[in-house]
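What follows is one structure encoded as C-alpha cells, with my remarks underneath.
Letters go in sequence order (proteins before strands), and every chain restarts at 1.
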Protein chains: 2
Amino acid sequence: MQKQNFLTKNQQIVLDLVEKSSQPLKAYSILFNVQKKGLKAPLQVYRALDKLVEIGKIHKIESRNAFVACKNSNCVVSNATAFSICESCEKVTEINNSKLSKYLSNFEDNSGMKYSKYNLEFFGLCKKCKNK
Amino acid sequence: MQKQNFLTKNQQIVLDLVEKSSQPLKAYSILFNVQKKGLKAPLQVYRALDKLVEIGKIHKIESRNAFVACKNSNCVVSNATAFSICESCEKVTEINNSKLSKYLSNFEDNSGMKYSKYNLEFFGLCKKCKNK
DNA sequence: TAATTTATTGTTATATTATAACAATGTGTA
DNA sequence: TACACATTGTTATAATATAACAATAAATTA
C-alpha cells in the first residue's frame, strides 16, 4: 500500500471547515462543527488534523493551540511557517515573505545542528487594534 | 502597593528547579518535584510559571508545552526568543545570535502591524542524533 | 480472485495541560 | 490603623490530547 496521496472523508471534512474559517479554529470547536457530518469523537478530528498538518494543508498556531489553513497555494510541506498574531483581537495572518523565509531556511549557528524546519510567531497589535 | 520586583517563595522554588534542569520541564513534572516544598496544587505552579515567564526568567517552549530557564544573564523581558529543538532526543537550546535577533526585531512587512514580540522554534537533528 | 498486508476508522476510556472561583493571608501605602 | 491590592491555598472543573483495541476498507501480491 503506497502512501496516501488524497484526502480521506474525515480529512476533507475537517479541511473544508478550516478553509472556510478566516481565523484559527480550536480542535474542539472543529469537533463541534463537524458532528453533524458524523465525526463524533475528538480522536477523529485530531487524526485528521495530524495528517493535514503533516502534508502542509493546515498549520498549527502553537501559542494558541489552534489551526489555520495554509494560504500559500504552493504549500506542499509545512517546514517553514511564520505568523503574525494580534494580542488584542487574536487575528492571525500567515506571513509570506520570501526574504524572511530565505533568511530563516538558511540560518546556521555553531551548534552543529541542521535545521529542517522552523516556526515563527510574531506578536503585536494589528492596524485596527492599534488605532483604538 | 508597587509592582513586585522580587520573587515570592513559590516563584523562587519553581525557578530554582527549572534552572537546575538542563532541559525543559513540563508543568506537572515541576509540580511533582516541588510537592515536598509545599506546592501542592497545579495552580500554584502555573501562577509561578506565569510570573516567571512575564519577567523573562523562564521561557515557554510552545511546541512542547515545557519551560526552560533563560540562559541570557541580561534577559529582562522575554520579547525575543529563539530555540533549537532536536526532534529525536528533544534537546532544546536557546539560540543567542545577535544578527538573528536584530533581523527579527526589526522585521516589518506590509501588514501595518507593529511587532513587539516574537518566538522562533527551529527543528532538526542535533549533532549527536545526526551521527546515529 | 483470494489471501495478505497495511492504513484508516470508530469507540471508549483516560491522560495531560490549564483555568475559574473564592475565601484567606500577607504586604505596602495613606 | 485602615485601606487597597497582590499573592496564596484550595477545590473543582475546563480544555487539550492520546492510548488501546476491535472493526473496516483499500492496496498489493500470489
Using a cut-off of strictly less than 4.0 Å, decide whether A:Tyr46 has a side-chain nitrogen or oxygen near OP1 or OP2 of D:dA17.
yes

Rounding to a whole Å, what distance do you find between A:Ile13:CD1 and C:dG10:C1'?
13 Å

More than 12 heavy atoms of other groups within 6.0 Å of B:Lys130 NZ
yes

Interatomic distance where CZ belongs to B:Arg64 and P belongs to C:dT16 [whole Å]:
17 Å

Phosphate OP1/OP2 of D:dG9 contacted by B:Asn10 side-chain N/O (<4.0 Å):
yes

Consider only side-chain N and O atoms of B:Asp109 and B:Ser111, and report whether a donor and an acceptor are under 3.5 Å apart.
yes

OP1 or OP2 of C:dT9 under 4.0 Å from side-chain N/O of A:Thr8
yes

Keeping the roles fixed (side chain from A:Gln23, backbone from A:Val92), state whether a donor-acceptor pair exists under 3.5 Å.
yes

Atom-to-atom span, CG of A:Leu31 to P of D:dT18 - whole angstrom:
15 Å

5'-most contact on DNA chain D: A:Leu43 or A:Lys26, nearest heavy atom basis?
A:Lys26

NZ/NE/NH1/NH2 to OD/OE distance under 4.0 Å, A:Glu87 and B:Lys117
yes

A:Asn65 vs D:dA15: side-chain N/O to OP1/OP2 distance below 4.0 Å
no

In terms of the angle between their ring planes, are A:Phe122 and B:Phe107 parallel, tilted or perpendicular, with boundaries placed at 30° and 60°?
parallel

Between D:dT8 (P) and B:Asp50 (CG): distance, integer Å
12 Å

C:dG26 C1' sits how many Å from B:Phe6 CZ, rounded?
10 Å

Less than 4.0 angstrom between a side-chain N/O of A:Lys40 and OP1 or OP2 of C:dT11, yes or no?
yes

How close or far is atom P of C:dG10 from atom CZ of A:Arg47, stated in whole angstroms?
8 Å

Is the aromatic ring centre of B:Tyr28 closer than 5.5 Å to the centre of the six-membered base ring of C:dT16, with the two planes inclined by less than 30°?
no

On the nucleotide C:dA18, are OP1 or OP2 found under 4.0 Å from the side-chain N or O atoms that B:Lys60 carries?
yes

Per A:Pro42 side chain, nearest of listed nucleotides D:dA17, D:dC21, C:dC22
D:dA17

According to a strict under-4.0 Å criterion, is A:Gln44 in side-chain N/O contact with OP1 or OP2 of C:dG10?
yes

In whole Å, I'd like the distance from the CD atom of B:Glu54 to the P atom of D:dT7.
9 Å

Rounded to whole Å, how long is the line connecting atom CG of B:Leu7 with atom C1' of D:dT8?
16 Å

